[in-house]
Amino acid sequence: MRSDLIKEGVEKTPHRAILKALGVTDSEMHRPFIAVVCAASDYVPGHMHLQEISKAVKDGIRNAGGVPFEFFTIGVCDGLAMNHKGMRYSLASRELIADSIEVMLTAHPLDGVVFIPNCDKIVPGMVLAASRMNLPAIFCSGGPMNPGCVQGKRVGYSEIYEAIGQYSNGEIGDDVIKDFEDNACPTCGSCSGMYTANSMNCLTEAMGLALPTAGTEPAVNSARRRLAKESGERIVELVKENIRPSDILTKKNMLNALATDMAIGASSNTVLHLLAIAHEAKVDITLDDIDQMSRKTPQLAKLNPASSVFITDMNAVGGIQTVIRELSKGGHVFTDVQTVSGTQADRIAKAKDADGVIIHKLDAPIRKDGGIAILSGNLAENGSVVKQGAVKPEMMDFTGTARVFDGEQAACDAILGGDIKAGDVVVIRYEGPKGGPGMPEMLAPTAAIVGKGLDGNVALITDGRFSGASRGAAIGHVSPEAAEGGLIAFVEDGDKIHIDIPNRSITLLVDDETIAKRKEKGILPPKELTGYLKRYAGLVTSSNTGAVFKD
């Protein structure tokens with residue numbers, strides 16, 4: 001066992017002395033040592049209960065004859081980081097999480113690891129670490145939050161931001177805003193819609209790194225605690241069977257995750273994270289693969305923020321395994337692949353049939369293609385991403401007039417101030433991986449557009465990214481970004497932009513001669529940066545490669 005590096009032989013007497021200072025007994029020295037990597041903190045509702053989940057995991061490890069050792073990672077709450085400098089650290093934290101886990105698991109060699117994430121960048125950061133370390137591993141997240149109830153209607157986190165737009169219009173008053181504040185986020189867990197955290201937890205299950213229901217079982221349910229205990233028991237078996245992430249993070253399983261991504265209409269941020277995971281796992285997945293998967297995979301579920309159906313509702317009718325079971329009927333997934341609990345075929349054999357309402361059947365999908373689309377054109381030569389499953393039909397093919405902002409806040413002020421009108425295309429630039437830096441999420445402007453009632457006649461384009469809670473004609477991840485001289489840097493107020501989602505194109509309708517003249521003026525100089533953001537901006541690559549660090 002790998003832990004023999006710190007416990008076997010006379011030369012390891014000093015190491016065993018340290019372990020005994022921790023309370024490890026002689027009999028435990030001969031058992032598998034299991035790391036429990038927990039993202040618990042007092043900052044994040046999705047993480048406030050993770051030590052409870054961790055306790056159940058450790059109980060399961062002990063049940064199965066292992067010895068658990070817990071340590072903690074950082075984790076940014078995107079909700080608290082939104083609209084200020086802190087959001088520039090959110091995506092950037094993904095690499096820090098992976099690196100810090102590498103440090104801990106190398107300095108303290110153990111035999112297997114249970115990862116306990118929940119929110120946006122923590123999940124992919126931990127998957128990157130699992131791939132890099134390649135120790136037997138299993139994931140058990142904290143689960144989703146229950147939906148809230150405001151004014152007699154079930155709501156998620158995104159509706160709070162939309163309510164701000166309604167408030168600025170005078171459509172609702174202080175009492176309703178207070179109702180949102182008090183009741184939109186009613187329990188612990190990752191925010192209740194198919195936002196990035198829940199999307200990534202679902203895709204971790206779809207990739208085979210977590211047990212069935214791990215992506216959807218609500219945070220407050222006792223079943224989540226039983227799942228945690230079962231995950232702890234299972235990791236000891238994975239160590240004995242020597243099943244590692246490299247056995248699971250194969251191209252087939254990555255494609256299964258992509259197919260599931262399209263079927264459930266997941267967050268556009270999953271594109272960034274799946275590309276980064278593929279890069280770490282040395283699996284050949286590109287934007288072209290994602291585009292092809294989008295074109296051929298039907299969307300079977302439409303969840304909040306795109307509808308009034310929540311992830312907890314999907315869990316009640318079978319969750320991710322039911323989605324995969326339905327996809328398998330059309331040959332959209334591979335079922336002969338290894339997971340942490342048998343083959344994918346083994347797992348879906350026990351799954352429910354699709355109910356046809358929350359999880360649609362293959363012969364009656366919500367749409368014939370996937371919930372995410374990759375758009376290319378002169379405005380995004382290396383691609384851009386839209387959550388097309390959350391776009392109104394009238395915005396699928398749209399030509400509008402550019403309103404350009406060099407940063408998010410100015411755009412928010414214009415939207416809430418009534419300066420954005422029907423027919424406009426809001427362009428927010430210099431918010432990419434390098435230019436932001438950190439590619440901040442744009443929930444505030446997208447939700448303000450919805451709240452103002454403009455999501456049927458205003459689009460938004462950015463080299464930044466969107467919260468999984470965003471909806472509407474919001475095209476992000478534009479690459480090349482403005483800071484690297486992408487065409488988005490040279491758009492001007494009044495330009496016409498054509499967005500054609502069915503044909504996967506995004507075009508600036510300006511002639512080449514005019515563009516050439518604009519390029520002579522150059523781009524904005526880099527921002528003055530210090531600390532981690534300075535290092536991050538110098539190392540990070542483009543969004544079309546997952547915003548990973550340079551090799």
Side-chain angles (χ1 to χ4, degrees), residues 193-195 198-203 205-207 212-213 215-216 252-271 274 288-335 344-345 347-349 351-375 385-397 455 468 470-474 500-504:
M194 187 51 77
Y195 312 149
N198 288 327
S199 295
M200 286 307 303
N201 282 326
C202 286
L203 297 191
E205 179 184 335
M207 278 186 278
T213 75
T216 57
K252 283 185 176 181
N253 261 331
M254 291 292 293
L255 291 175
N256 281 358
L258 280 173
T260 305
D261 196 347
M262 300 304 164
I264 63 176
S267 164
S268 58
N269 283 321
T270 58
V271 173
L274 288 174
D288 289 338
D289 294 303
I290 297 172
D291 181 47
Q292 290 304 310
M293 189 64 74
S294 168
R295 291 173 187 267
K296 67 183 183 183
T297 308
Q299 184 176 353
L300 302 180
K302 190 170 187 176
L303 307 175
N304 179 273
S307 80
S308 59
V309 179
F310 286 83
I311 187 170
T312 50
D313 300 322
M314 187 171 76
N315 180 72
V317 297
I320 292 303
Q321 296 308 311
T322 292
V323 172
I324 296 175
R325 178 180 176 129
E326 195 63 26
L327 287 172
S328 72
K329 296 175 182 177
H332 296 290
V333 291
F334 299 95
T335 60
Q344 187 59 64
R347 286 152 68 109
I348 61 174
K352 297 178 182 178
D353 281 323
D355 68 314
V357 178
I358 292 173
I359 300 174
H360 286 231
K361 294 189 179 286
L362 212 57
D363 58 3
I366 292 168
R367 54 184 305 127
K368 293 181 179 179
D369 56 357
I372 293 175
I374 306 300
L375 311 186
V385 181
V386 62
K387 188 175 180 177
Q388 65 172 344
V391 178
K392 287 189 172 181
E394 60 267 34
M395 295 299 291
M396 296 296 284
D397 189 348
D455 54 321
S470 293
R471 61 187 172 110
D500 186 351
I501 297 174
N503 290 307
R504 306 295 203 268

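Using a 4.5 Å heavy-atom threshold, the side chains of Met314 and Val323 count as touching. Contact annotation: the side chain of Val333 approaches that of Ser328 to within less than 4.5 Å [non-hydrogen atoms, C-beta and beyond]. The shortest side-chain heavy-atom distance between Asp313 and Val317 does not fall under the 4.5 Å cut-off. Taking 4.5 Å as the limit, every side-chain heavy atom of Ser199 sits out of range of all side-chain heavy atoms of Asp261. Proximity of Ile320 to Ile264: side-chain heavy atoms (C-beta onward) are separated by under 4.5 Å at one or more points. Using a 4.5 Å heavy-atom cutoff, the side chains of Ile290 and Met262 are in contact. Two residues are said to be in side-chain contact when any heavy atoms from C-beta on lie closer than 4.5 Å; Met396 and Gln388 meet this criterion.
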Residue pair Gln321, Gln344: steps toward the side chain to side chain contact (heavy atoms under 4.5 Å, CB included) verdict: CA-CA 9 Å; Gln321 296 308 311; Gln344 187 59 64; 2.8 Å; yes

Side chain to side chain contact (heavy atoms under 4.5 Å, CB included) between Val309 and Lys302, worked out: CA-CA 7 Å; Val309 179; Lys302 190 170 187 176; over 6 Å; no

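Between the CG atom in Asn201 and the OH atom in Tyr195 there is a gap of 15.0 Å [rounded to 0.5 Å]. To the nearest 0.5 Å, atoms CD1 (Ile311) and CD1 (Ile358) are separated by 12.0 Å. Here the straight-line distance linking atom NE2 of His360 with atom CG of Leu300 works out to 8.5 Å at 0.5 Å rounding. Between atom CE of residue Met207 and atom CG of residue Asn253 there is a gap of 8.5 Å, rounded to the nearest 0.5 Å. Note that the CG atom of Leu327 and the OG1 atom of Thr335 stand 12.0 Å from one another [nearest 0.5 Å]. For the atom pair CD of Glu326 and NE2 of His332, the computed distance is 9.5 Å after rounding to the nearest 0.5 Å.
Remark: Ala473 pairs with Val391, Met395, Ala459 by the side-chain contact (heavy atoms from CB on, under 4.5 Å) rule, at least two apart or across chains. The side-chain hydrogen bond (donor to acceptor under 3.5 Å, both in side chains) check on Asp397 picks up His498, with sequence neighbours excluded. With sequence neighbours excluded, the residues satisfying salt bridge (Lys or Arg N to Asp or Glu O under 4.0 Å) with Asp353 are Arg325, Lys329.
With hydrogens and angles ignored, the 3.5 Å screen pairs a side-chain donor or acceptor of Glu205 with a backbone N or O of Thr213. Side chain of Asn256 to main chain of Phe334: a donor-acceptor pair is present (N/O by atom type, distance under 3.5 Å, no hydrogens or angles). Judged purely by atom type and a 3.5 angstrom limit, Thr297 has no side-chain atom pairing as donor or acceptor with the backbone of Ala259. The closest donor-acceptor contact from the side chain of Asn198 to the backbone of Gly193 lies under 3.5 Å. With Lys387 contributing its side chain and Ala474 its backbone, the two residues share no donor-acceptor pair below 3.5 Å.
The side-chain contact (heavy atoms from CB on, under 4.5 Å) with Arg504 is formed by just one residue from the set Asp369, Ile374, Val386; it is Asp369.
Taking all atoms of both residues into account, the shortest heavy-atom contact from Cys202 to Met194 is SG-CE, 4.1 Å. Considering all non-hydrogen atoms of both residues, Ile501 and Ala373 come closest at CG2-CB, 4.4 Å.
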